[in-house]
Engineer: 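Dropping a structure here in structure tokens format, bear with me for questions.
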Amino acid sequence: MNDANVSSPTIPVVSLHEVSKVYDGQHALNGVSLDVQRGEFLTILGPSGCGKTTILRLIAGFEKVTSGRVYIDGQDVSGLPPERRNVNTVFQSYALFPHMNVFENVAFGLRMKKRTEAEIVSSVGKALRLVQLDGFEKRMVGNLSGGQQQRVAIARAIVNRPLVLLLDEPLSALDYRLRKRMQLDLKHLQRKLGITFVLVTHDQEEAFSMSDRVVVMNDGHIEQIGTPAGIYEEPRNLYVARFVGEINILNAEVVEQSEGSARVRAQGLDVTMRTRCAFAPGDKVHVLLRPEDLRVETLKDLAEDPELGDSFAGGRSMVGTVEETIYKGATYDVAVRLDNGSQVMATEFFNEDDETVYFRAGDRVAVSWVEGWEVVLPHEE
Amino acid sequence: MNDANVSSPTIPVVSLHEVSKVYDGQHALNGVSLDVQRGEFLTILGPSGCGKTTILRLIAGFEKVTSGRVYIDGQDVSGLPPERRNVNTVFQSYALFPHMNVFENVAFGLRMKKRTEAEIVSSVGKALRLVQLDGFEKRMVGNLSGGQQQRVAIARAIVNRPLVLLLDEPLSALDYRLRKRMQLDLKHLQRKLGITFVLVTHDQEEAFSMSDRVVVMNDGHIEQIGTPAGIYEEPRNLYVARFVGEINILNAEVVEQSEGSARVRAQGLDVTMRTRCAFAPGDKVHVLLRPEDLRVETLKDLAEDPELGDSFAGGRSMVGTVEETIYKGATYDVAVRLDNGSQVMATEFFNEDDETVYFRAGDRVAVSWVEGWEVVLPHEE
Amino acid sequence: MRSDGFFKTAVIVGTIAWMALFAFVPNVLVFLASFGSASPENFIEPGFSLHNYARLMDRSHLEIMLSSLELSGLVTLVCLLTAYPFAAILARARQPWRSYMLVLVVIPFWTNSLVRTYAMTAMLNTSGIINSVLLGLGIVKEPLAMMYTPGAVVLGLAYTLLPFMILPLYTALERLDRRYVEASRDLGATPIKTFWRVVVPLTMPGIVSGCMLVFLPGIGMFYVSDVLGGAKAMLLGNFIRDQFLTTRDWPLGAAASVTLTALMGVMLVLYWKSSSRLNAGSQA
Amino acid sequence: MRSDGFFKTAVIVGTIAWMALFAFVPNVLVFLASFGSASPENFIEPGFSLHNYARLMDRSHLEIMLSSLELSGLVTLVCLLTAYPFAAILARARQPWRSYMLVLVVIPFWTNSLVRTYAMTAMLNTSGIINSVLLGLGIVKEPLAMMYTPGAVVLGLAYTLLPFMILPLYTALERLDRRYVEASRDLGATPIKTFWRVVVPLTMPGIVSGCMLVFLPGIGMFYVSDVLGGAKAMLLGNFIRDQFLTTRDWPLGAAASVTLTALMGVMLVLYWKSSSRLNAGSQA
């Protein structure tokens, strides 16, 4: 067994090559390739059953690949059992040993490595201080709260100084408030330790606020890999666009294509849009607009204020009726039924002059958007 | 047993009077009084263990009050078992009968009421259509997905046309995406049926986007009752303010108090703030600022742009250094360490001219806020 | 790694083969013996004839079998009716009461069952405790003859076998999620309707395994029948024992045993069939 | 509502009282009998003397007790070592294999245990199956004398009692969350270390209840010892039976039975004490 702590910084710390996994004749993973860089915080995002946990289990060694290769620190680990891989896991249900106290749980990995008692006491103490649980050594794990158990699970893993820490939806069992706090704590812990974190979640907010890179999965394969901003702003297809946030999808047709942009007819509008794809005139496309990029004004205001009216006259404005407004605290959503029957959702911020929700159900409004913030994708069905 | 569907519209549909509940000598609820209005969507919001589920169980009749009274439709139900109360529950774990198919699960309540077979078939059909599960009648519940089971549980409850529908964290077991969709679906269902909904959750976003009124609970008592906007914008104390969203809390001292406002010294600033509380000069107070109400500009920009500089010169600007930025998709958070050592978090929106995150760790910035959007509360410890 | 996997497979296959051998060979021997015939020197003469089974169809043998099944069925019923409420209370009790009551269930199991059977005679005797109490209270004038009656055998068997009924019922009831009961009440079912429509169907596996754990040994516990039932061979167990011990007609005893096993298998299959039909077609 | 609550309480109290009566009265009778003395006409003369316990301390009686405990301990060990791997495989097996293997466990229970014991004789006899095979393969020249040895009794008892060991172990292992095993491996423990440090401690309740379900009946199953062990009264069960059936010295039999129960109680208490000390002080 090589000492994986001494290793080249240039090769990926974890690498999956064309990995497939079949359970009962069903593909849980289908030809997945992925490189995890040293020291990064990578999040695998997807709905339940998309195969994201399977990736973690293959890296940890709990499952064997059906085909393909898994490398940790450049070494093919396909044949290695979990105890011989220099990675540790924080389980979704924590899996703390119920017959041991907090100290013994955290010390377990060190005892397996036959460290001296003095070393163990000092390392466990440090790990528990890192997760702010010093003084809890003798408590039985069954008597701890969910958040405390979660932190014991993290301490139990990091005390071994693994090359990679694998986290399987570690926050899903926590309360909303505690989850938000732990997101920041985990991110800071990762920076402090410099250990590579690979986290699995179905919560897009969690993925965005913690990760350096996000892997969006669907049905056993990877849809897109990129930075949070890259994925949110330039989704590669409708699935990714829908999964990482609310989105409005308009059906449209390409009228004319030129370098880097296309003239598109959507909802009766004729607009030139920036796009990286190549289309032919007549191609069906989707125009994607995030709710927070939409601007909504009442027809009444537009008529009364010529300057405002001008800014809406650029050809990018659609007319409809407000169906409902949904209060969100910092923002509110406006659901608008366009006159052609389709529904769009716009997120509005409270403005300085008027703290109350401005739109009421039934208001006639025009909907426009910031030029260049739309995404044009080929038609999918 | 009175027919509760024919009832006066003026009295609260559910009413709790000074209700306490003691388990093993511990107060789960401590003198809680609450009126639920006919037809409203009321959400009880709080962390786990705050007693919110106990309220639901007392209304449903699964528990008996230790002291106090519970009224349903004006009638004291303290002695009535669950089967004689005209309310139905959607359980957190759904609790669908595993030995029955979907039809039999939904029909259970009607069979107990000895409805005719023809009536049952028609009512169950209608209920399943409402939750978009027609055609699933003969499926065993164990073979359904989480979201489908959830909808069967709702159908099983609403088919009985209860006076009140009680929902115990009905969405907590669902994926992030599915949960968001079900929030809207539930809200629309409630409007369509006109049944009073009482929902329990620990998720503030869920509470805000669905409810007419929100009850914030803590440790067995009610902290505040109000509309989502009322609670978010005018929290009664620090607990509520912290629970319903991110918030920055500055310690300050009252310098001078006048009608409806106070001159307050905070972080070296001297500002006049709107407040409804009465303070004496020298009183310690908290100034609460929501991250989205904060404005952040670099000192460099302020120096270069006199107009911008002027708007920050109103006495409400604090200087500090950017620690980190956290990408959230539609927005990003900026963590600023003020020069006096305290940390504030500001939420920034991407602006039209510059799509990238503007602030970098280490930037020197000034932080200001929209006048009048602060909340001043008495000092708590 | 290859050798590791091979070793694992070898252990698994070996263990299962050993269990199969252990479980099956004696049963196969009994099965084969039932087709042989008795011989003075070797006890069994191998062969293939249905002669022994034909002999079982004798009127006298059939009577023993039927009365034995009836008696054991009665024992099972007594155990089920006694054990169900107790198991239900047990499953709902709080600690430490639950532990105390579980010990209460285990205690009868601790004392040698033969000894307890004799203790029963001290209670049921004409000069025993029950008669003393009844006579003392003036409820009866003459001591009741309870010993050597089928009732005494049923009581003795039920007493000995009760823990086997309680434990699976307790497990089933303890695993039963309280929310199902609450959901049923919430939907308007009274406690009694909830019991029949929700609790009983959901604890059926416990009921069936409890009944099997009582019914089968109930047929075989010859010594209880010996002590409390007197000279009459009331149970099939006594009959089979006699064939092996007294009459030395091993093939006939084997045939009786095989018939009994087959009967149980048929009953179990019928239960499975009916329960799966119930599940699949409850709405059709 | 008041009357409803009263009715409920009455049912609970009634059920528990009935169980207590049912479980305790015969045990109390045995307890009382152990302090009496034998009389020709009434079997037991009530009284209070420790005479019977003193008689148990006889060298010959002590020898029977010790050898019986030793034999039953051996049976328990054989059952535990055989059952643990099988139960582990069973708990991890997929459906429908798991059901098939569970049936395999239940089958020995189905055939009358006395009949199976006789089937064992057909295997262990000098002219039995095992000797035939060994002679045929030329492994032995003379048939082995396996019948009427302690080994035969141990084998017979282990065979009869194995299901009682497998079922609680299976339940414990099936309930064991796989994640604990994965967490242990993840933290660097080999499969063997994982077994001793995680699996065994977490399945200890199953191990203890399995051992109790085998050890106690193992002492009492006199007929297995009769058939396979011959005339020698090897088990305490045979001794007790003889006191009741042959010697008619009921008080001595009762004293032996009470001693056995007390011994078990002490063992159980010692286990509880040690396991709770283990849990509380594993770091001290």
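Below, chains carry the letters A, B, ... as their sequence lines are ordered, and counting in each starts from 1. Fair warning: this is a prediction, and the values are worked out from it, not measured in the lab.
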Engineer: Any chance you could lay out the side-chain contact (heavy atoms from CB on, under 4.5 Å) test for R179(D) and L96(A), step after step, and finish with the verdict?
Structural biologist: CA-CA 9 Å; R179(D) 307 246 157 195; L96(A) 299 177; over 6 Å; no
Engineer: Got a sec, which residues hit side-chain contact (heavy atoms from CB on, under 4.5 Å) with A189(D), two or more places apart in sequence or on another chain?
Structural biologist: F108(A), M112(A), S184(D), K193(D), T194(D)
Engineer: For chain A, which of L187(D), V198(D), D177(D), L202(D) has the most heavy-atom pairs under 4.5 Å?
Structural biologist: L187(D)
Engineer: Is there a donor-acceptor contact under 3.5 Å from the side chain of D186(D) to the main chain of A60(A)?
Structural biologist: no
Engineer: What pairs meet the side-chain hydrogen bond (donor to acceptor under 3.5 Å, both in side chains) rule with one or both residues in residues 198-219 of chain D, with sequence neighbours excluded?
Structural biologist: Y84(D)-T203(D)
Engineer: When rounded to the nearest 0.5 angstrom, what distance separates CZ in R197(D) from CD in E104(A)?
Structural biologist: 8.0 Å
Engineer: Which pair of non-hydrogen atoms, one from F97(A) and one from Y180(D), has the smallest distance, and what is that distance?
Structural biologist: CE2-O, 3.4 Å
Engineer: Within a 6.0 Å radius of atom CD1 on I192(D), are there more than 12 heavy atoms belonging to other residues, nucleotides or ligands?
Structural biologist: no
Engineer: To the nearest 0.5 Å, how far apart are CZ in F62(A) and CD in E182(D)?
Structural biologist: 5.0 Å
Engineer: Would you say the side chain of M100(A) lies within less than 4.5 Å of the side chain of P201(D), judging by non-hydrogen atoms?
Structural biologist: no
Engineer: Tell me, for R57(A) versus chain D, whether the close heavy atoms (under 4.5 Å) come from the side chain, the backbone, both or neither.
Structural biologist: side chain
Engineer: So, for A183(D) and A95(A), which heavy atoms are closest and what is the spacing to 0.1 Å?
Structural biologist: CB-O, 4.0 Å
Engineer: Step through the shown structure and confirm whether more than 12 heavy atoms of other residues, nucleotides or ligands are within 6.0 Å of NZ on K113(A).
Structural biologist: yes
Engineer: What part of L110(A) gets within 4.5 angstrom of chain D, counting heavy atoms only: side chain, backbone, both, or neither?
Structural biologist: neither
Engineer: Please check if the number of heavy atoms outside F31(D) that lie under 6.0 Å from its CZ is greater than 12.
Structural biologist: no
